[in-house]
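A short write-up of the structure that comes next.
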Amino acid sequence: FFWNNELCAKRLINLIYAYDYYAVSATKNERYLLSKIIHKHYFVLKTQENIVLKKNNSRIEISKALFLFESIHKISTKKTIENIIFKVDRHVNENGMHNSMNPSVHIEYLNHLFEIKNMFLFFKFEIPKIIELKINEMSMVLKNLFHKDNTIAFFNGSNDANYESMSKLNKKIIDVKPKNLSNIKNGIAIFESKKLKIFFDTVKPTSRLINDNLHASTLSFEFSYDKEKIITNCGSMEKRIGKKPEFLRYSAAHSTIILNNTNISELVENKSYKRIPKTILIDCYENENDIIWTASHDGYQDNFKKVIKRKLIISKTKAQIFGEDNIISTKINKSKQNYDIRFHLSPICSCLLTNNQKAVLIKTNQSQSWVFESESKLTLQDSIYIKDGKRVNKTKQIVLSGYATQNKKTEKWQLYKI
């Protein structure tokens, strides 16, 4: 645990950065011991890097620490620079998003790249072109990752635990135009207007790097309007070492469609992601008034012979979202399959179920009034919200439940401001 490579890299960097501060008052023997500790960290990290890199699952922070040490001590940095280039090329996808699809990790990774760039400048090394390129691409994506209330989007383990540093980095990046991510084929689709912002999860679990921390949240969405977040995922605990609570990775902790109380992707530890959606399709259509996302996944194909399809119609001119969720049979099956379509509300929302049970009245802290309507009966259930990665806040969720017995079951709903 003490020599965990991530902790070791953090300690090495901190020991070097703070060396002048604590060494100035240290005795000769103490400085010798400090130097010995720093060197030991380097050799442990270097050894671990050679082992882990062969598994193609090594953190950029390790290479950053090694590069800093080697530059100071005039050790050859050729291999470390090659590793940095290899990792940056592998860890950031073609959309400029970190492959974890975790907004918090994306911002942290971008901060590492800025630090690495500064090290290249300080020690007068030529900056690899890919570092400049990925800093630019990730900065364009970063501008998209905050809701209208300035909180981070909650996907794949992200939270606001490091909000201050994330916000500081966001403000630091100026004169960068946000990248248009409304029409992507793999990742988190994002649409933003003057007051509205919506995130839609269409991430394909395609590699171990993505799968290890990915949540079973396919086709979930988050929505904010006029400086307030309305629909959310539950969030995640901030825990770098050791296990996080698994239930926060479950499909039920996200605003999506769940069949038979079963996760869309298998999360059992010894079978991690043995069962995943093999095909996730998304189509984006845009006209003068609306942006229309239509997406589907086959995560329930193997066990229930069902395909899930979600259609979101987001108005550009009104505060309104139409939704259509379909559960489509791929094989004749007379058995009943129960489903729950969940819409988790953020804690700033108070809500009331109407007498006919087909609408929920929502009021926010800033007195916004919203209506969630459905063609079928709704229920209000307890939920949780973990904003800062530590405290569990109680909130509510709107749930649309039923049984899918025929070839195709359709549920239509809408959310609009009044």
Checking Thr354, Leu415, Leu361 against Val371 for side-chain contact (heavy atoms from CB on, under 4.5 Å), the one that qualifies is Leu361
Assess whether a salt bridge exists between Glu288 and Lys316, defined as any Lys/Arg side-chain N lying under 4.0 Å from an Asp/Glu carboxylate O.
no
For Lys168 and Ser165, test the side chains for any donor-to-acceptor distance below 3.5 angstrom and give the result as yes or no.
no
Hits for ring pair (Phe, Tyr, Trp, His ring centres under 6.0 Å) against His344, two or more places apart or cross-chain, chain-then-number order -> none
Output for pair (Ile84 CD1, Ile131 CD1), nearest 0.5 Å, gives 5.5 Å
*Is the side chain of Asn260 donor-acceptor paired with the backbone N or O of Asn338 at a distance under 3.5 Å, no angle test?*
yes
Quick one: sort the Phe154 and Tyr385 rings into parallel, tilted or perpendicular, breaks at 30° and 60°.
-> tilted
By ring pair (Phe, Tyr, Trp, His ring centres under 6.0 Å), His254 pairs with (sequence neighbours left out) His215
- request: Look at the side chain of Asn326 and the backbone N and O of Ile328, then say whether any donor-acceptor pair between them is shorter than 3.5 Å.
  value: no
For residues 255-264, the salt bridge (charged side-chain N to carboxylate O under 4.0 Å, His left out) pairs (sequence neighbours left out) are none
With sequence neighbours left out, the residues meeting ring pair (Phe, Tyr, Trp, His ring centres under 6.0 Å) with Phe114 are none
Phe125 meets the ring pair (Phe, Tyr, Trp, His ring centres under 6.0 Å) criterion, sequence neighbours left out, with Phe67
### Query
How about Phe120 and Phe123: are their ring centres within less than 6.0 Å of each other?
no
Review point. Does the pair Trp293 and Phe221 meet the rule for a ring-ring contact (aromatic ring centres under 6.0 Å, His included), with working shown?
Key: CA-CA 11 Å; Trp293 285 328; Phe221 77 98; 9.2 Å; no
- For the pair Tyr300 and His297, name the ring-plane relationship: parallel under 30°, tilted 30 to 60°, perpendicular over 60°. tilted
List the steps and the verdict of side chain to side chain donor-acceptor pair (under 3.5 Å) for Asn263 and Ser265.
-> CA-CA 5 Å; Asn263 290 317; Ser265 299; over 6 Å; no
Residues passing the side chain to side chain contact (heavy atoms under 4.5 Å, CB included) test with Val360, sequence neighbours excluded, are Cys351, Leu353, Ile362, Phe372, Leu378, Leu380, Ile398
Tell me whether the guanidinium CZ or amine NZ of Lys87 lies under 6.0 angstrom from the six-membered ring centre of Tyr109 and within 45° of its axis. no
Minimal heavy-atom distance between Glu228 and Asn365, with the atoms involved, is OE2-N, 3.4 Å
